[in-house]
Chemist: 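Sharing a structure below in structure tokens format, with a few things to ask.
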Amino acid sequence: MIVLHAPAHRLHHPTVEYYNGRAEPHAEQPGRIDNILDACRRLDLQIRIVEQPLSRRQLLTLHGRHYLRFLQQTCRGIPVDEQLMPSVFVHDTYTPLTAGTLHAARLSAGLAVAAAELVVAGEQRVVYALCRPPGHHAEADAMMGYCYFNNAALAAQQLASDGRRVAILDLDYHHGNGTQHLFYERSDVLYVSIHADPTDAFPYGSGYRDERGAGEGLGYTRNFPLTRPGNVEAYLRTLRRAIRTVQNFRPDYLVLSLGFDTYQGDPIGNLGLDVADYAAVGYAVANNLAYPTVIVQEGGYNVMALGALAESFLSGYQERNTTT
Ligand code: Q9C
Ligand code: ZN
């Protein structure tokens, strides 16, 4: 496994998010990636710096040109060290812009697509893209939930060329509304997600069990909302079911949308997972879904714990099952 990293992610530095008009410190901070990177170093993983902003042409394969123009024109006018809360092309009050946001978001998407290219070329079997800002809430024409471009979807789009079948397994605490919607009517990309019950968790409007795709894509979206957050046994049972769903699809490639906000100490999420549980999750994914894989970093907001969570996940992931 190699790790892709873009140090300039820190050009995106939101300060506050708004809850019904009340400002709170923004949870999606640059230090998140620093700590995950330290974990990768402790595990002696090869780290490759990639500072290739995703091209306009590639962004336009999934995102709209008016949305892109809005980001370009808006970011250009923001003074350094200030943030701007957009009023359009946005679905919430959690997703502000800073002067460097567009550049950082393009670098983040660039990491995910570069990872996909390495996997397609057969150069690497597994690539971990340290994406920041995250991506799975980003819609074709809207930023949302700390996300601007849909990194995992752009990686999947890249992997799906030449008629390849791609499965996306989304393990972030939140439902990946953007990823689901971008592939909702396609049968070449399967979207499977385990997340907090959207009845009482962000993004509220999607992630219910009865959303299963439409048209050609009917049956190629599968949601596993958890109604008993905190029950790790139930979580691992659901993970096994989600894994079987991916296996039945017989994908050529896997994209893993990996969020650490399922951790019991996360300030936003919490599905009850402890540090050691991440090793079990990593082991289950690596040994049951041994497809060429792009791992895309999504959420996870306990900045101090993120290193330990990533280290646990990655060590479980790299542990080979020698009995089969
Ligand atoms: N009281 C990602 O994990 N706030 N985005 C939720 C909490 C927004 C999360 C409300 C959460 C966005 C990529
Ligand atoms: Zn999340």
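Start at 1 and go down the list; that is how both ligands and their atoms are numbered. All of these numbers come straight from a predicted model, not from anything done at the bench.
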Chemist: Once ring pair (Phe, Tyr, Trp, His ring centres under 6.0 Å) is applied, what residue pairs with a partner in residues 24-44 remain, sequence neighbours excluded?
Modeler: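 Listed once each, the pairs are H26-Y146.
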Chemist: Verify the distance test for H136 against the Zn ion (ligand 2): any N/O/S atom under 2.8 Å, yes or no.
Modeler: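 No, H136 does not qualify, because none of its backbone or side-chain N, O or S atoms lies under 2.8 Å.
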Chemist: Check for a donor-acceptor pair, side chain of N248 on one end and backbone N or O of T245 on the other, with a separation under 3.5 Å.
Modeler: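 Absent.
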Chemist: Taking the Zn ion (ligand 2) as the reference point, name the nearest N/O/S atom of H174.
Modeler: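 Nearest to the Zn ion (ligand 2) within H174's N, O and S set: ND1.
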Chemist: Using a 3.5 Å cut-off on N/O to N/O, what pairs does ligand 1 make with the protein? A line per pair would be great.
Modeler:
residue, atom, partner, partner atom, Å
ligand 1, 3 (O), H174, ND1, 3.2
ligand 1, 3 (O), D261, OD2, 3.1
ligand 1, 3 (O), Y301, OH, 2.6
ligand 1, 4 (N), Y19, OH, 3.1
ligand 1, 5 (N), H137, NE2, 3.3
ligand 1, 5 (N), G145, O, 3.0
ligand 1, 5 (N), Y301, OH, 3.3

Chemist: Taking Y94 as the fixed residue, which of Y19, Y148, Y18 is the one that meets the ring pair (Phe, Tyr, Trp, His ring centres under 6.0 Å) rule?
Modeler: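 Exactly one pass, corresponding to Y19.
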Chemist: If only side-chain N and O atoms count, and only distance matters, is there a donor-acceptor pair under 3.5 Å linking Q58 with Q158?
Modeler: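 Their side chains do contain a donor-acceptor pair, which is all the 3.5 Å distance test asks for.
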Chemist: Using modelled atom types and a 3.5 Å cut-off, is there a donor and acceptor pairing between side-chain atoms of E211 and backbone atoms of G207?
Modeler: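 Side chain of E211 to backbone of G207, a donor-acceptor pair under 3.5 Å: yes, one is there.
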Chemist: Under 2.8 Å from the Zn ion (ligand 2) - does any N, O or S atom of D261 fall there?
Modeler: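 Short answer: yes, at least one N, O or S atom is under the cut-off.
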Chemist: Would the F70 and F89 ring centres measure less than 6.0 Å apart?
Modeler: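 Ring-ring flag for F70/F89: true, centres closer than 6.0 Å.
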Chemist: Less than 4.0 angstrom from a charged side-chain N to a carboxylate O is my criterion; do R164 and D162 meet it?
Modeler: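 Salt bridge: no.
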Chemist: Please give the atom name: the N, O or S atom of D172 nearest to the Zn ion (ligand 2).
Modeler: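 It is OD1 of D172.
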Chemist: Counting heavy atoms not belonging to R228, are there more than 12 under 6.0 Å from its CZ?
Modeler: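 Incorrect, the count does not exceed 12.
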